[in-house]
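This is a predicted model, so every value here is computed, not measured.
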Amino acid sequence: AREIWQVMTRLQNAEKQLRDALAALESAVELSIEVSASSAIAATPSKADFVALIDEVSGIEAKLDEAMQVIADIDAAQTSAANAGGMGDSE
């Protein structure tokens with residue numbers, strides 16, 4: 001159970017970092033679009049490039065959420081099995 005808790009903690013930390021990175025990326029995209037719109041220079045990356053990158057990061061975030069749920073389910077099953085097996089010993 002301790003190993004699962006450690007993995008969950010690492011995944012939660014990774015998820016927070018990913019969410020922070022996604023928010024920073026979205027801010028950078030918005031700023032880039034504003035700068036491009038107000039500037040005569042059109043050599044900046046396209047909005048589609050940024051949207052594709054944001055979509056990819058969002059997909060990673062979704063997979064991370066799925067992994068965390070699988071680990072939580074495994075932990076719950078192990079806890080349930082341990083409690084079921086230990087009930088007779090408590091008396």
Side-chain angles (χ1 to χ4, degrees):
R2 182 169 188 229
E3 295 82 18
I4 290 176
W5 179 81
Q6 289 173 336
V7 170
M8 286 292 288
T9 299
R10 281 189 230 132
L11 283 174
Q12 288 168 343
N13 290 339
E15 182 179 32
K16 182 186 181 319
Q17 291 173 350
L18 186 60
R19 288 184 196 275
D20 291 347
L22 183 57
L25 179 61
E26 288 173 343
S27 294
V29 169
E30 289 172 7
L31 181 60
S32 175
I33 291 169
E34 289 172 13
V35 168
S36 294
S38 65
S39 171
I41 301 170
T44 58
S46 72
K47 183 178 180 180
D49 291 337
F50 285 119
V51 169
L53 184 57
I54 289 171
D55 286 347
E56 187 172 338
V57 172
S58 295
I60 293 168
E61 186 178 30
K63 288 181 181 183
L64 188 57
D65 285 340
E66 289 175 19
M68 289 176 61
Q69 185 59 52
V70 168
I71 291 170
D73 292 345
I74 291 169
D75 187 39
Q78 287 179 343
T79 301
S80 178
N83 288 340
M87 286 181 142
D89 296 338
S90 63
E91 293 182 353

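- Under a hydrophobic-cluster definition in which Ile, Leu, Val, Met, Phe, Trp and Tyr are linked whenever side-chain heavy atoms come within less than 4.5 Å, directly or via other members, L64 and I74 are assigned to the same cluster.
- Among residues two or more places apart in sequence or in another chain, the side-chain contact (heavy atoms from CB on, under 4.5 Å) test is passed with I71 by I4, V7, M8, L11.
- K16 pairs by the side-chain hydrogen bond (donor to acceptor under 3.5 Å, both in side chains) definition with D20, not counting sequence neighbours.
- Scanning for salt bridge (Lys or Arg N to Asp or Glu O under 4.0 Å) contacts around E26 gives an empty result, with sequence neighbours left out.
- Residues satisfying the side-chain hydrogen bond (donor to acceptor under 3.5 Å, both in side chains) test with D73, not counting sequence neighbours, are Q69.
- Qualifying side-chain hydrogen bond (donor to acceptor under 3.5 Å, both in side chains) partners for Q12, counting only residues two or more places apart in sequence or in other chains: none.
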Under 3.5 Å, which donor-acceptor pairs link side chains of residues 52-59 to any protein atom two or more places apart or in another chain?
unit_1	atom_1	unit_2	atom_2	d
S58	OG	I54	O	3.0

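- Once rounded to the nearest 0.5 Å, the distance linking CG of D75 with CD of E3 reads 10.5 Å.
- Contacts of S80 classified as side-chain contact (heavy atoms from CB on, under 4.5 Å), with partners at least two apart in sequence or in another chain: none.
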